[in-house]
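Per chain, numbering begins at 1; letters A, B, ... match sequence-line order. Just so we're clear, the structure is a prediction, and the values are computed from it rather than from any experiment.
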Number of protein chains: 2
Amino acid sequence: MHEHKCIKIKSNFSSMRKKIRIIDIAKMAGVSKGTVDRVMHNRGNVSEAARKSIEKVLEQVNYKHNIHVSSISLKSRYKIVVATPEVSPGAYWASIHNGIQHALEEYENVRVELQVFTYNQYDIYSCRETYEQIAGVEMDAIIIGPTFKEETVNLCKRMDEREIPYIFVDSNIEDTSPLAFFSADHYVCGYMIAKLITSIIPDHTNIAIFQAVRTGDRSANTTILRKKGFTDYLEKNKCTNLILSIPFSVMEPEDNEMYLTRLFHSQKDIPAIVVLNSRGNFIANYLETNLIEGVKMICMDLTTANIEALKKGQIDYLIGQEPEYQGFYAMKTMLEYLIFKKPVQKQNYVQLDILTRENIDFYKSFNNIMY
Amino acid sequence: MHEHKCIKIKSNFSSMRKKIRIIDIAKMAGVSKGTVDRVMHNRGNVSEAARKSIEKVLEQVNYKHNIHVSSISLKSRYKIVVATPEVSPGAYWASIHNGIQHALEEYENVRVELQVFTYNQYDIYSCRETYEQIAGVEMDAIIIGPTFKEETVNLCKRMDEREIPYIFVDSNIEDTSPLAFFSADHYVCGYMIAKLITSIIPDHTNIAIFQAVRTGDRSANTTILRKKGFTDYLEKNKCTNLILSIPFSVMEPEDNEMYLTRLFHSQKDIPAIVVLNSRGNFIANYLETNLIEGVKMICMDLTTANIEALKKGQIDYLIGQEPEYQGFYAMKTMLEYLIFKKPVQKQNYVQLDILTRENIDFYKSFNNIMY
DNA sequence: TGTACCTTCGTGCACGAGCACAAATGTATA
DNA sequence: TATACATTTGTGCTCGTGCACGAAGGTACA
């Protein structure tokens with residue numbers, strides 16, 4: 001006799017206990033649904049007695065907020081600012097903005113007036129100027145994609161004074177008090193990259209690391225952390241590889257040709273290249289046009305150009321950090337905080353996806369997941 | 001002067017064109033909303049003229065189905081059968097069942113009577129017996145997690161005769177006509193595993209591959225495909241590694257001890273182990289208790305036990321195939337097909353996630369994504 | 001006692017799709 | 001022409017939350 005089981009589950013049916021509604025809570029607490037609503041949304045104008053009574057009921061029963069009904073009956077309005085580096089199609093920040101837009105669609109009846117500010121992430125002066133402008137804008141909340149630490153700290157101070165809630169995407173900034181942040185753990189990211197690259201190249205070889213040059217001699221927050229994670233891995237695991245740090249200029253791209261030529265015309269053997277920003281495809285293309293072969297490459301972010309380079313075999317590993325997810329949940333969290341005063345989880349680290357030419361075709365860019 | 005931009009987007013507001021509703025379509029077509037409803041749900045009882053008129057309007061306007069409203073106003077009932085291998089907590093099939101449950105929650109007002117049948121995936125007779133039982137059950141639809149090809153083809157034939165729609169999860173089966181399938185591309189999966197393992201071990205070394213033994217001398221569909229992908233990669237890339245195929249018995253686990261001991265007491269050097277089913281942790285534990293070190297391991301599926309072994313460093317790479325996603329979308333697709341007659345995309349390949357001990361902590365098992 | 005004002009609370013409508021049921025129209029037959 | 005029946009169409013209620021509005025109750029002061 002062979003084992004086999006049949007389980008009958010009448011879901012949402014008899015087995016599931018009756019779903020409780022606002023009106024049920026109201027009856028139990030001996031008040032009207034309006035009062036329950038006021039308590040649940042922290043709207044005030046409720047007597048101490050009524051509040052206590054409702055909170056007591058709320059502790060006992062397991063009320064599950066119905067997002068479907070909310071979504072159609074919401075009527076509130078908010079002004080929300082989004083401040084990020086400039087967006088170009090198919091690139092990293094475009095994905096974050098996509099995610100933000102999708103969150104707005106989920107609560108389509110909430111009237112959100114979005115004001116988007118962008119700055120040049122390679123130019124500290126552009127960032128300062130944009131932040132200055134933002135500081136004077138009237139708003140209910142702001143989502144910030146930070147690059148320069150000190151500038152962001154200043155902006156946040158002014159937001160704190162005005163009691164305007166802010167959420168970070170892409171990177172958390174210390175010495176600020178955001179409502180939440182949605183970001184990769186960049187230190188671990190660098191650490192993982194080091195592990196991946198050293199696992200596929202011989203000992204005692206050179207690794208060239210490219211990182212973006214910025215005005216004001218200030219590195220992006222993310223790059224600093226990734227670099228730290230990278231070197232810490234090598235140190236911790238007693239790796240014998242040598243690191244060559246190469247600057248990479250986005251604002252003066254003609255310089256890069258020079259850096260690269262200098263690198264590859266030196267006597268050094270370079271079996272591995274690591275790119276800590278999302279511009280890996282530029283270097284991949286340089287290698288291709290200059291017929292340099294046999295170099296292993298690990299790069300960041302699933303930009304259209306990087307994906308193409310991965311598929312062509314120019315790049316070996318791409319690391320993704322779910323930018324759509326970051327944008328989506330930053331905005332969704334902000335909306336639910338504003339509308340429902342929903343408690344917020346502050347730390348939100350996103351996935352680090354490892355993509356190769358084999359699994360890239362199956363990768364879903366979150367947009368696909370939601371719709 | 002530095003560039004910076006401010007874009008004001010009044011989303012869902014003036015810039016976005018007015019959202020159209022069923023009633024709008026009805027007015028445009030000169031009928032009532034009831035008639036539009038009948039056309040959109042293929043319920044019949046509509047005159048040719050009215051149908052044409054409505055379809056014409058539907059082509060012109062971009063009606064976006066509002067899941068929120070649907071979700072609260074649905075009232076239909078369905079009997080749905082789920083047939084999969086047995087489920088143990090924290091294991092692969094449990095995740096698929098989790099996904100299925102979550103889909104039911106999304107349409108919480110639809111009365112679904114779920115009937116779950118499970119069989120022993122290592123025992124062909126158990127599968128036959130369970131399928132036989134299922135064939136006699138009254139139902140509106142069935143979701144199948146297949147293992148044995150021929151048995152599944154037989155079951156599907158009987159479903160075809162009764163015009164009952166079925167969707168596969170985990171694996172597609174040829175010579176059947178499912179409504180859809182949600183599965184990894186197991187061939188590519190094996191191919192990718194081969195690439196990963198050969199990239200971290202020296203040439204000319206041995207790779208031990210473990211695959212499950214089953215009654216009736218029949219391999220699981222998934223294993224066959226993965227093995228094929230694996231060997232094809234080695235062949236295509238002229239790899240000099242030697243493959244040692246090792247049987248792995250789940251039903252008589254005491255045999256495994258013997259297989260493993262025999263393997264490691266042979267003179268052969270085994271720097272790499274590949275496990276093509278989700279039981280990698282068993283072998284990882286054998287290595288640990290027998291103090292065998294320096295063996296690289298790649299295994300399938302993010303079971304609780306495998307994740308633990310990955311974190312401990314026993315396993316180097318885990319390959320995930322989004323079981324929750326598979327279950328969720330299989331059920332969601334089925335429901336939307338039954339309720340709305342929504343057109344279905346047949347082929348649905350899921351992501352192949354590469355997990356290491358560095359990025360495993362950030363991995364979201366889809367459950368987290370949805371709620 | 002009457003008026004003004006504040007706090008607290010309850011009522012009722014809106015949102016948009018699904019679906020039951022009633023109403024209207026068409027067709028066939030005695 | 002009257003009746004029965006089939007086909008097609010329209011109407012109105014339902015779901016649960018958000019929120020506006022107005023009612024009820026309390027307090028202060030003339």
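Under the rule for a side chain to side chain donor-acceptor pair (under 3.5 Å), B:K27 has no partner lying at least two apart in sequence or in another chain.
Figure legend: A:K364 and B:Y349 shown without cation-pi pairing, the cationic atom not lying both under 6.0 angstrom from the six-membered ring centre and within 45 degrees of its axis.
Exactly one of B:I100, B:V112, B:I142 qualifies for a side-chain contact (heavy atoms from CB on, under 4.5 Å) with B:I80. That residue is B:V112.
No side-chain heavy atom of B:Y78 sits less than 4.5 Å from a side-chain heavy atom of B:R111. Contact of the B:Y131 side chain with the B:I144 side chain is registered, since non-hydrogen atoms from C-beta on lie closer than 4.5 Å.
At a threshold of 4.0 angstrom between heavy atoms, the contacts of A:S76 are confined to the sugar-phosphate backbone, with no base atom among them. Among the heavy atoms of the strands lying under 4.0 Å from B:R38 is at least one base atom, whether or not backbone atoms are also near. Within 4.0 Å of B:H41, counting heavy atoms only, lie sugar-phosphate atoms of the nucleic acid but no base atom. Using a 4.0 Å heavy-atom cutoff across all strands shown, A:H68 reaches no nucleic acid atom at all.
Between the CD1 atom of A:I22 and the P atom of C:dG10 there is a distance of 14 Å, given to the nearest Å. Here C:dA17 presents its C1' atom at 9 Å from CD1 of A:I72, a figure rounded to the nearest Å. In this structure, CG of B:N42 is placed 14 Å from P of C:dC19, rounded to the nearest angstrom. The nearest whole Å value for the distance from the CZ atom in B:R21 to the C1' atom in C:dC15 is 9 Å. Taking atom CG of A:D37 as the reference point, atom C1' of C:dC9 lies 12 Å away to the nearest angstrom. For the pair B:I23 CD1 and C:dG18 P, the interatomic distance rounds to 13 Å; values are reported in whole Å. The CG atom of B:N45 sits 14 Å away from the C1' atom of C:dG26 (whole-angstrom rounding). Rounded to an integer number of Å, the gap from NZ of B:K27 to P of C:dA17 is 12 Å.
A salt bridge links A:E106 with A:K332: the closest approach of a Lys/Arg side-chain nitrogen to an acidic carboxylate oxygen falls below 4.0 angstrom.
Heavy-atom nearest nucleotides on DNA chain D were determined for B:S47 and for B:K75, and the one closer to the 5' end corresponds to B:S47. Each of B:E48 and B:V69 has a nearest nucleotide on DNA chain D; the 5'-most of these lies closest to B:E48.
With no hydrogens or angles considered, a side-chain donor-acceptor pair links B:N66 and A:E108 at under 3.5 Å. For the residue pair B:D160 and B:Y166, a side-chain donor N or O sits within less than 3.5 Å of a side-chain acceptor on the partner. A donor-acceptor pair shorter than 3.5 Å can be found between the side chains of B:Y363 and B:D353.
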Verdict with supporting geometry, B:R51 and B:E48, salt bridge (Lys or Arg N to Asp or Glu O under 4.0 Å): CA-CA 5 Å; B:R51 220 199 61 231; B:E48 192 71 359; 3.1 Å; yes
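Phosphate proximity of C:dT8 to A:T35: absent, as no side-chain N or O sits under 4.0 Å from OP1 or OP2.
Residue B:K33 places a side-chain atom within donor-acceptor reach of the base of C:dG18, judged by atom type and a 3.5 Å distance cut-off alone.
The span of DNA chain D lying next to chain A, judged by atoms under 4.0 Å from heavy atoms, is bounded 5' to 3' by D:dG16 to D:dC19.
Overall bending of the helix from C:dT1-D:dA30 to C:dA30-D:dT1, expressed as the angle between end axes built from five pairs apiece, is 70° (10° steps).
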